[in-house]
Number of protein chains: 2
Amino acid sequence: MKVLTKNTDYAIRALLALAAKKGSYLSAKSIATEHDIPYQFLRRLLQEMIRHNLIVSKEGVQGGFMMEKDPDAISVTQLIEIFQGKVQVSECMFRKQICNNRARCVLRHEIMRIEQVVQREFEKVTIGKLLRDLQVANKVEPQSANIEQAVLNP
Amino acid sequence: MKVLTKNTDYAIRALLALAAKKGSYLSAKSIATEHDIPYQFLRRLLQEMIRHNLIVSKEGVQGGFMMEKDPDAISVTQLIEIFQGKVQVSECMFRKQICNNRARCVLRHEIMRIEQVVQREFEKVTIGKLLRDLQVANKVEPQSANIEQAVLNP
DNA sequence: TAAACTGATACTATATTAGTATCAATTAAA
DNA sequence: TTTAATTGATACTAATATAGTATCAGTTTA
Ligand code: FES
Ligand code: FES
C-alpha cells in the first residue's frame with residue numbers, strides 16, 4: 001500500500017527546491033534535471049500547483065516558478081488532496097440500502113475517525129518542516145553528501 | 001486516496017459474516033449472495049485468507065469456510081498487508097545516490113513515524129471490534145434496518 | 001453416482017498512475 | 001527585431017494495479 005504516489009512525491013521535492021530559493025524563479029527544466037523528475041511530468045504538477053495557489057510563475061526567458069507562500073502553510077495533506085484526492089478509508093463498509101442508519105453507525109464513525117487521524121498526521125508535515133529537517137540532516141554530517149547543496153542548490 | 005481497496009473491504013465483510021457464525025461452515029456462495037460480493041472474486045480472497053491462517057475450509061457438500069481464530073486477533077492492518085501490501089509512505093524521498101546518510105536522515109524518520117501511526121490505528125480495529133460495533137448499532141435502533149440480521153444472518 | 005462444494009489458476013476488463021509529445025503564447029536578451 | 005528560453009494548455013501512450021470472470025479438477029455428503 002503506497003501512501004504517496006509519484007506525483008505527490010515529485011511535488012514535494014519541487015516545493016522543497018522552490019522553498020529553498022524562495023523569492024527567485026526556478027525553471028521547470030532546472031528542477032527536473034537536479035531532482036531526476038521527468039520534465040513534462042513535472043511541468044504538469046507545477047501548473048496544477050499554480051491553480052491551487054501554492055506557487056506562481058513567470059513566462060519567457062528567465063521565467064520559471066516561485067514560491068510566495070509561507071512554506072509552513074503547505075502541508076502534505078494538501079498535496080495528497082490535490083494529487084490523490086481526499087483521504088477516504090472506504091466509501092462505506094456496507095451498501096446503503098441495508099445500512100440505512102448511517103448517522104448513528106458506529107462502524108462509520110470508526111472509519112471517519114481513522115481518516116482524521118491520518119489527515120492530521122500529514123497536516124503536521126509541512127514543506128517548511130521538511131526543509132528544516134533537510135538542513136538539520138545536512139549539518140549533522142557535513143562531510144558526507146551535502147543534501148541541501150546537492151539536492152537544492154547544485 | 002482510497003485507503004481500503006475492494007478486496008480488503010470484501011475480506012472484512014466476509015470475516016464479519018464468519019465471525020458472527022463462528023464454529024460453523026459458511027459456503028462462499030452464501031456469503032457472496034448475502035453481501036453482494038462477486039462470487040469468484042470472493043473465493044480467491046477466502047483462499048488467500050486460508051493461506052494466511054485466518055480461516056479454515058472444508059471441501060465438498062456442506063463444506064465451506066469457518067473461523068477458528070479469535071476475531072480480536074485479526075486486525076485491519078493484517079488484511080491491508082495481505083491484500084494491499086505493507087503500508088509504506090514513500091520508498092524514499094530522495095534518490096539513494098544523493099541522500100546517502102539514510103541512517104540519520106530526519107526526513108526518513110518522519111516518514112517512518114507516520115507509517116507506524118497509520119499501522120497502529122488500523123491495528124486497533126479488529127474483526128471482533130467491528131462485529132461488536134455492528135451489534136451496538138443494531139441495538140440502538142432495533143426498529144430500523146436490523147444490520148446484524150440483515151447483513152450477517154439474513 | 002450426482003450435486004454441492006473448495007483448490008488452483010488463467011483470463012479479461014477497467015481504472016489509476018506514470019510518462020511523453022506537441023504547439024501556441026510570452027518574454028528577455030542578443 | 002529576431003531568436004531562444006521559457007510557461008500554458010492539452011492530447012496522447014505505456015505501465016501497473018485493481019476488479020471481475022471463467023474453467024476444470026478434486027472432495028465429500030446425500
Ligand atoms: S457501515 Fe456505512 S453506514 Fe454503517
Ligand atoms: S530522504 Fe531518504 S534517506 Fe533521506
Side-chain angles (χ1 to χ4, degrees), chain A residues 1-14 18 24-33 35-67 79-88 90-91, chain B residues 1-14 18 24-33 35-67 79-88 90-91:
Chain A
M1 179 199 178
K2 220 186 321 176
V3 177
L4 300 186
T5 55
K6 286 286 183 190
N7 38 19
T8 310
D9 183 344
Y10 291 160
I12 292 172
R13 298 191 208 184
L18 292 171
S24 53
Y25 286 100
L26 290 185
S27 72
K29 198 170 196 172
S30 67
I31 298 172
T33 307
H35 298 277
D36 267 340
I37 305 174
Y39 174 60
Q40 299 292 5
F41 200 159
L42 175 62
R43 288 186 57 204
R44 273 201 329 220
L45 301 177
L46 290 166
Q47 287 185 21
E48 190 69 21
M49 290 196 275
I50 285 174
R51 281 178 215 120
H52 286 83
N53 301 309
L54 298 184
I55 53 177
V56 295
S57 65
K58 193 174 84 173
E59 280 181 285
V61 176
Q62 303 286 337
F65 301 85
M66 181 172 71
M67 179 170 292
L79 298 172
I80 289 180
E81 286 193 9
I82 292 171
F83 294 111
Q84 301 172 229
K86 218 173 170 70
V87 173
Q88 52 174 59
S90 181
E91 306 217 347
Chain B
M1 180 201 180
K2 220 184 328 177
V3 176
L4 300 187
T5 56
K6 286 286 183 190
N7 39 20
T8 310
D9 184 341
Y10 291 159
I12 291 172
R13 297 192 208 183
L18 291 170
S24 54
Y25 287 101
L26 291 184
S27 71
K29 198 169 197 177
S30 67
I31 298 172
T33 307
H35 297 277
D36 267 339
I37 305 173
Y39 174 61
Q40 298 292 5
F41 200 159
L42 175 62
R43 288 187 56 203
R44 271 201 331 221
L45 301 178
L46 290 166
Q47 287 186 21
E48 190 69 22
M49 290 195 277
I50 285 175
R51 279 177 218 120
H52 287 82
N53 302 308
L54 299 184
I55 54 176
V56 294
S57 66
K58 193 175 82 175
E59 280 181 286
V61 177
Q62 303 285 340
F65 301 85
M66 182 172 70
M67 179 170 292
L79 298 172
I80 289 179
E81 286 193 8
I82 292 172
F83 294 111
Q84 302 172 228
K86 219 174 170 70
V87 173
Q88 52 175 61
S90 182
E91 306 218 346

Protein-nucleic acid N or O pairs under 3.5 Å, nucleotides 12-18 of chain C:
unit_1	atom_1	unit_2	atom_2	d
C/dA18	OP1	A/K6	N	3.1
C/dA18	OP2	A/K6	N	3.0

Could you tell me the separation between the CG atom of B/L26 and the OG atom of B/S57, rounded to the nearest 0.5 Å? 13.0 Å

Could you tell me from which nucleotide to which nucleotide of DNA chain D, 5' to 3', there is an atom under 4.0 Å from chain B heavy atoms? D/dA19 to D/dT29

Any idea which heavy atoms bring B/N7 and B/F83 closest together, and the distance? ND2-O, 3.9 Å

At 4.0 Å (heavy atoms only), tell me whether B/F65 reaches a base, stays on the sugar-phosphate, or touches nothing. sugar-phosphate

At 4.0 Å (heavy atoms only), tell me whether A/Q62 reaches a base, stays on the sugar-phosphate, or touches nothing. sugar-phosphate

Please figure out whether A/V61 or A/A28 has its closest DNA chain D nucleotide nearer the 5' end. A/V61

Carefully, step by step, assess B/L79 and B/L54 under the rule side chain to side chain contact (heavy atoms under 4.5 Å, CB included). CA-CA 10 Å; B/L79 298 172; B/L54 299 184; 3.6 Å; yes

Which atom pair, heavy atoms only, marks the closest approach of A/S30 to A/S27? OG-O, 2.8 Å

With B/Y10 via ring-ring contact (aromatic ring centres under 6.0 Å, His included) - residues at least two apart: B/F41

Compute the bend angle of the helix from C/dT1-D/dA30 to C/dA30-D/dT1 from the end axes (five pairs per end), rounded to 10°. 10°

Residue pair B/L4, B/Q84: steps toward the side chain to side chain contact (heavy atoms under 4.5 Å, CB included) verdict: CA-CA 8 Å; B/L4 300 187; B/Q84 302 172 228; 4.2 Å; yes

Could you state the CG-C1' distance from B/L26 to C/dA4, rounded to the nearest angstrom? 15 Å

Given the rule in the side chain to side chain contact (heavy atoms under 4.5 Å, CB included) test, do A/R13 and A/I31 qualify, once you have shown the distances and angles that lead to the verdict? CA-CA 9 Å; A/R13 298 191 208 184; A/I31 298 172; over 6 Å; no

Atom-pair distance (CG on A/L42; P on C/dG19), nearest Å: 12 Å

Return each pair, listed once, that meets salt bridge (Lys or Arg N to Asp or Glu O under 4.0 Å) where at least one residue sits in residues 50-65 of chain B; pairs must be two or more places apart or across chains. B/E48-B/R51

How long is the span from the CE atom in A/M67 to the CE atom in A/M49, to the nearest 0.5 Å? 8.0 Å

Residues of residues 47-58 of chain A with a heavy atom under 4.0 Å from any atom of DNA chain C, listed by number, are none

Distance-minimising heavy-atom pair for A/Y39 and A/A32: CA-CB, 3.9 Å

Rounded distance in Å - CD (B/E59) to P (C/dA4): 17 Å

Which residue lies more 5' along DNA chain C, comparing A/G60 with B/S27 via nearest heavy atoms: B/S27

A/Q40 side chain to A/R43 side chain, donor-acceptor N/O pair below 3.5 angstrom: yes

Between B/L45 and B/A11, which heavy-atom pair has the shortest distance, and what is it? CD1-N, 4.2 Å

Donor-acceptor pair, A/Q62 side chain versus A/Y25 backbone, under 3.5 Å? no

